[in-house]
Number of protein chains: 2
Amino acid sequence: MQTDLQIAKQSATLRVKVEETLRQAIASGRFKPGQRLVERELCEMLGVGRTSVREALRQLEAEGIITSYPHKGPVVSTITYEEAAQLYTVRALLEGFAGQQFAEHGTAAEIATLQAAVVEFEAAAASGVGARLIKAKNVFYDCLMDGSKNAFVRQMLTSLHNRINLLRMTSMTQPGRLAHSIEEIKEIADAIKNRNGPLAAAACKFHIDQAAKVALEYLRKNTSDTP
Amino acid sequence: MQTDLQIAKQSATLRVKVEETLRQAIASGRFKPGQRLVERELCEMLGVGRTSVREALRQLEAEGIITSYPHKGPVVSTITYEEAAQLYTVRALLEGFAGQQFAEHGTAAEIATLQAAVVEFEAAAASGVGARLIKAKNVFYDCLMDGSKNAFVRQMLTSLHNRINLLRMTSMTQPGRLAHSIEEIKEIADAIKNRNGPLAAAACKFHIDQAAKVALEYLRKNTSDTP
DNA sequence: TCAATGCAGATTGTCTGACAGCTTTTGTCG
DNA sequence: CGACAAAAGCTGTCAGACAATCTGCATTGA
């Protein structure tokens, strides 16, 4: 495992590292939605040539987290209310599917891993450390996606998560939301443990729908506030 | 409309044209799965510099229709039996969703367009012209994806269609399959016309499952034949 | 004063040439 | 015949250059 990661990082081409760095920078809010990404600045900032930067940008563009306009260059993608609504809809669909597959075909070991992730998420929430919470949530979703046993679902959900990341920090920091979130996640894990496919799907869908409600409400207010 | 398209094609950057050309070349079988794509050859073939080719390749890689290995270069993606099965599964899920949305929220105009597409598909099948058939099918799916009213579903399905294209020609040329295919498509359009969401979803899922059955059977035979 | 025009700066899109590094193949020697 | 070294073929990356294009600002004309 460890060596795998190390080897992966070593043999990773420069372009991939740039990709990861930029993805991280965007996810962490270092670059904000709508902000222009000027090639030369990125080159200096990262200490690499234009080739690597441009190819990395193409990749991020394909993933949808940046948008480029011809002869104007790329900007960090913004997300409209309608897009966010659509995004959460399809996310609910796919995660519901993943949950159902997990419940019906997951191994005992996978279920154990999932439950451990829930426990860690709870602990992270109690600790109040934001970074730990995000990490725990990522572990949980990673596990859930693995449970779908479907590489395409995994890939699509990863892409959706990346695009929603800018909003997700919102939906989790809303007062009272976190406690509900924990309960919903427990429901998911329980349904999976009990091998109840439809219930697992419903629990996943419910969880996303709740998150969507909060995020969309926030988005609605903020987009009308700043015309 | 026309001017829009013309302007779009004019202002398209070279890179995008290369993308489209390569996508087409792969979809049409000009480049076969597993085949290496050597940069210099592509440059000569297309008459463009390495920059444009490499950036286009990154895009196609992100879409999954080519795969690159570090320091070895890109090859046209191959698809294993398991991957194909997963692909059809998620496609059934998404198209089922699209069909349901269409039935429940599609406009009368959209339904009329869909029905026209069905008629054209039938005519194309009767004509026996392969190209016309493929075009008709694409129109039908385009219409169906629009009906989902969800840009993400549309994008994901487009990507899946691209990746499945190499197999799709198979599943449609199987003897007897085409007649069934027409019937299934009619079922879909009927369910949508009658505003029956669940039935539309089921019809879409059934259609894909049938296509999957044929394609997977073919794939199973061919992959075990050529070790 | 204000709108239209036009120029200058900034940035992207693309090409060329170059070179190191990794893979694969070839060739040679024990 | 096998191992090891040399060579060839590509990719990954950089730097520099230049045309095309966008944008903001200044100039000009009504």
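Only this structure's heavy atoms are used, side chains among them; waters, hydrogens and symmetry mates stay out. Letters A, B, ... mirror the listed sequences (proteins, then strands); counts begin at 1.
B:Arg15 has its CZ atom 16 Å from the C1' atom of C:dC15, to the nearest Å. Between the P atom of D:dC10 and the CG atom of B:Leu57 lies a distance of 15 Å, rounded to the nearest Å. Put simply, CZ on A:Arg58 is 17 Å from C1' on D:dT13, counting in whole angstrom units. Atom C1' of nucleotide D:dA20 and atom NZ of A:Lys72 are separated by 16 Å, given to the nearest angstrom. The separation between A:Glu19 atom CD and D:dG12 atom C1' is 14 Å, rounded to whole Å. With rounding to whole Å, B:Leu14 atom CG is found 13 Å from D:dA20 atom P.
For the helix from C:dT1-D:dA30 to C:dG30-D:dC1, the end axes, each set by the C1' atoms of five terminal pairs, are bent relative to each other by 0° (nearest 10°).
Between A:Ala84 and A:Leu219, the shortest heavy-atom distance links the atoms CB-CD2, 3.6 Å.
Residues forming a side chain to side chain contact (heavy atoms under 4.5 Å, CB included) with A:Glu83 (at least two apart in sequence, or on another chain): A:Ile79, A:Thr80, B:Phe152. Under the side-chain hydrogen bond (donor to acceptor under 3.5 Å, both in side chains) criterion, B:Arg36 pairs with no residue, sequence neighbours left out. Annotation: salt bridge (Lys or Arg N to Asp or Glu O under 4.0 Å) contacts of B:Arg30 (sequence neighbours excluded): none.
For B:His71, the listed nucleotide lying nearest its side chain is D:dG12; candidates were D:dC10, D:dG12, C:dG13. The A:Thr13 side chain lies nearest to D:dT13 when the options are D:dC10, D:dT13, D:dT23.
Residue A:Leu37 is in sugar-phosphate contact alone, with no base atom involved, counting any heavy-atom pair closer than 4.0 Å across all strands shown.
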Would you tabulate the side-chain donor-acceptor contacts of residues 41-50 of chain A under 3.5 Å, counting partners in other chains and residues two or more places apart, or write 'none'?
residue	atom	partner	partner atom	Å
A:Arg50	NE	A:Glu39	OE1	2.7
A:Arg50	NH2	A:Glu39	OE1	3.0

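No donor-acceptor pair closer than 3.5 Å links the side chain of B:Glu120 to the backbone N or O of B:Ala136.
Taking 4.0 Å as the cut-off between side-chain N and carboxylate O, A:Glu110 and A:Lys149 count as a salt-bridged pair. By the 4.0 Å N-to-carboxylate-O rule, A:Glu217 lies too far from A:Lys221 to be salt-bridged with it. Using a cut-off of 4.0 Å between Lys/Arg side-chain N and Asp/Glu carboxylate O, A:Arg163 and A:Glu63 are scored as not salt-bridged.
For the segment residues 38-55 of chain A, residues with any heavy atom less than 4.0 angstrom from an atom of DNA chain D are, sorted by number, A:Val48, A:Gly49, A:Arg50, A:Thr51, A:Ser52.
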